[in-house]
Protein chains: 2
Amino acid sequence: MATQRDLQAEDTRKKIMHAASEEIYRVGFQSASVGEILRKLGISKGCFYHHFPTKQELGYAVLEENFAQFQAEIWQPVFNDPNPLRAVIKMLGNAGNIIDKERVKLGCPINNLAQEMSPIDEGFRTRVEKIYQLWRTRLTESLLRAQKDGHMRRNVQAGEIAVLIMTVMQGAVGIAKNAQNHAMFADCTRGLTRYLKSLQLNN
Amino acid sequence: MATQRDLQAEDTRKKIMHAASEEIYRVGFQSASVGEILRKLGISKGCFYHHFPTKQELGYAVLEENFAQFQAEIWQPVFNDPNPLRAVIKMLGNAGNIIDKERVKLGCPINNLAQEMSPIDEGFRTRVEKIYQLWRTRLTESLLRAQKDGHMRRNVQAGEIAVLIMTVMQGAVGIAKNAQNHAMFADCTRGLTRYLKSLQLNN
DNA sequence: GATTTGACAGACTGACCGGTCTGTTCGTAT
DNA sequence: ATACGAACAGACCGGTCAGTCTGTCAAATC
């Protein structure tokens, strides 16, 4: 059973994760300072290294947390929709709302970690690769379902469209981040949205 | 006139730039160590800080160099082609050849700098923004020309297509980098290529 | 109630960082 | 011939980093 101490410890761990997630999101993993994170929380080094063996492991944990959040917020609504193609179009349109000012400035936390760490840390790379693979597969399945259910034209490759959608999203996030312009994301996805609409049936 | 000393100095500066460009490309700007770069070259600190006031200025110089190289290698052939749409399609197809193994692993140097530094250094951000803006404008002009010359369908917005192309390229480079898979770039651009081909006329 | 142990505290280490400062050397201008 | 200054050398500085180690304390266990 969970003792009082266990609960306290778990709470501390969550605090560290949350603060670390923010800091890493702001300045990148390599530039994020463990000491700085702890200073903000008023937590000691000893405490931190009791919960995490290395900074690297902290990074992996943060990545997993970001994945879970992103998945629930962005992709699950698409995967679960009876008309996934329409849901994607809606999601792209909504992104302007979901993506607040801070997120425009800082981009996608998962993508940031991927771009920064993939070439120099295999652990990050494989974890992100699995995430992308999962989303690619699920999105392809969803689009195949849309075709089967008569919501989407059948003379296009669902897998190819799924990859296109993910590619455009990744590109759009990156460009909007650099431009630090809220409208830029919409600009970058407009062409894709128009194309996806041309694939819709019975709508 | 250029004295012997001027030539020597310029040579040294170029050596530093080249080594720095490589190191920054490999590990990112923040993690690139000035000392490490100099150690590889067998050049002293004093020498370096004689040529560059700060590490930051070195970064800006490297960015400009990368820009010039990329521009000449990738975009000029497109902008100058009598049939720019066809040239873009060709460029996307050729990218698999231009982008060698190392580049797949490390991505696009400009994009890397943008993603890493834009949120925390306005100097990097504005420089990259100018570069993207230039390419976007030039590409739009090129596509408008393609439409005027009857190489491209006129019922689409050239500007929208230009942004789509740049977005997909950025996304594709990022995804291929993470996957560290040479074929992934082609996978990510296949959907776009097919779409662009559907816009071709008189070909 | 004594003992154990998990949760935490914080001083400390050695490596490394960007940048400075004081030379030294030698081509160049006078 | 000499004086000058650009090009370079490298020791050095204050600060930061991830990670370690020893110690404390209170909750859990017996």
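Chain naming here is simple, since letters A, B, ... match the order of the sequence lines and numbering starts at 1 in each. Please read all numbers here as calculations on a predicted model, not as lab measurements.
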How many Å lie between [atom1] on [X] and [atom2] on [N], as a whole number?
X       : N      : atom1 : atom2 : result
A:Arg39 : C:dA9  : CZ    : P     : 15 Å
A:Leu41 : C:dA7  : CG    : P     : 18 Å
A:Ile37 : D:dA18 : CD1   : C1'   : 12 Å
A:Phe29 : D:dA18 : CZ    : P     : 9 Å
A:Gln4  : C:dC8  : CD    : P     : 12 Å
B:Ile16 : D:dA7  : CD1   : C1'   : 11 Å
B:Phe48 : C:dG18 : CZ    : P     : 9 Å
B:Glu23 : C:dG18 : CD    : C1'   : 15 Å

Does a side-chain N or O of [X] approach OP1 or OP2 of [N] to a distance below 4.0 Å, or not?
X       : N      : answer
B:Thr3  : C:dG27 : no
A:Ser44 : C:dA9  : yes
B:Thr12 : D:dC8  : yes
A:Thr54 : D:dG19 : no
B:Ser33 : C:dG18 : yes
B:Gln8  : D:dC8  : yes

Which nucleotide, [options], lies nearest any side-chain atom of [X]?
X       : options               : result
B:Tyr49 : C:dG19, C:dC8, D:dA27 : C:dG19
A:Lys55 : C:dA9, D:dG19, D:dC8  : D:dG19
B:Asp6  : D:dA26, D:dC8, D:dA7  : D:dA7
A:Cys47 : D:dA28, C:dT28, C:dC8 : C:dC8
B:Val34 : D:dG10, C:dG18, C:dG6 : C:dG18
B:His50 : D:dC17, C:dA7, D:dA7  : D:dA7

Problem - Toward the 5' end of DNA chain D, by each residue's nearest nucleotide, B:Lys45 or B:Glu10 - result: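 Comparing both residues, the 5'-ward one is B:Glu10.
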Handout entry: Contacts of A:Asp121 that satisfy salt bridge (charged side-chain N to carboxylate O under 4.0 Å, His left out) - sequence neighbours left out
Key =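 By the salt bridge (charged side-chain N to carboxylate O under 4.0 Å, His left out) rule, A:Asp121 matches no residue at all.
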Problem - Sugar-phosphate, base or nothing in reach of A:Glu36, heavy atoms under 4.0 Å - result: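 Nothing, no nucleic acid heavy atom in range.
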Handout entry: Working for side-chain contact (heavy atoms from CB on, under 4.5 Å), residues A:Gln115 and B:Lys177
Key = CA-CA 8 Å; A:Gln115 295 303 312; B:Lys177 170 179 167 183; 3.3 Å; yes
Handout entry: Short N-O contact, B:Asp187 and B:Arg190, less than 4.0 angstrom
Key =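 Result for this pair is yes, salt bridge flagged.
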Handout entry: B:Lys14 and B:Glu10 ion-paired at < 4.0 Å
Key =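 B:Glu10 and B:Lys14: salt-bridged.
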Exercise for the section: Apply salt bridge (Lys or Arg N to Asp or Glu O under 4.0 Å) to the pair B:Lys40 and B:Glu22, showing each step before the final yes or no. Expected result: CA-CA 11 Å; B:Lys40 276 183 187 166; B:Glu22 271 195 357; over 6 Å; no
Handout entry: Of A:His51 and B:Gly35, the one whose closest DNA chain C nucleotide lies more 5'
Key =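 Looking at DNA chain C, the more 5' nearest nucleotide goes with A:His51.
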Handout entry: Cation-pi geometry met for B:Lys55 and B:Tyr49 (6.0 Å, 45°)
Key =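 No, B:Lys55 does not sit over the ring of B:Tyr49.
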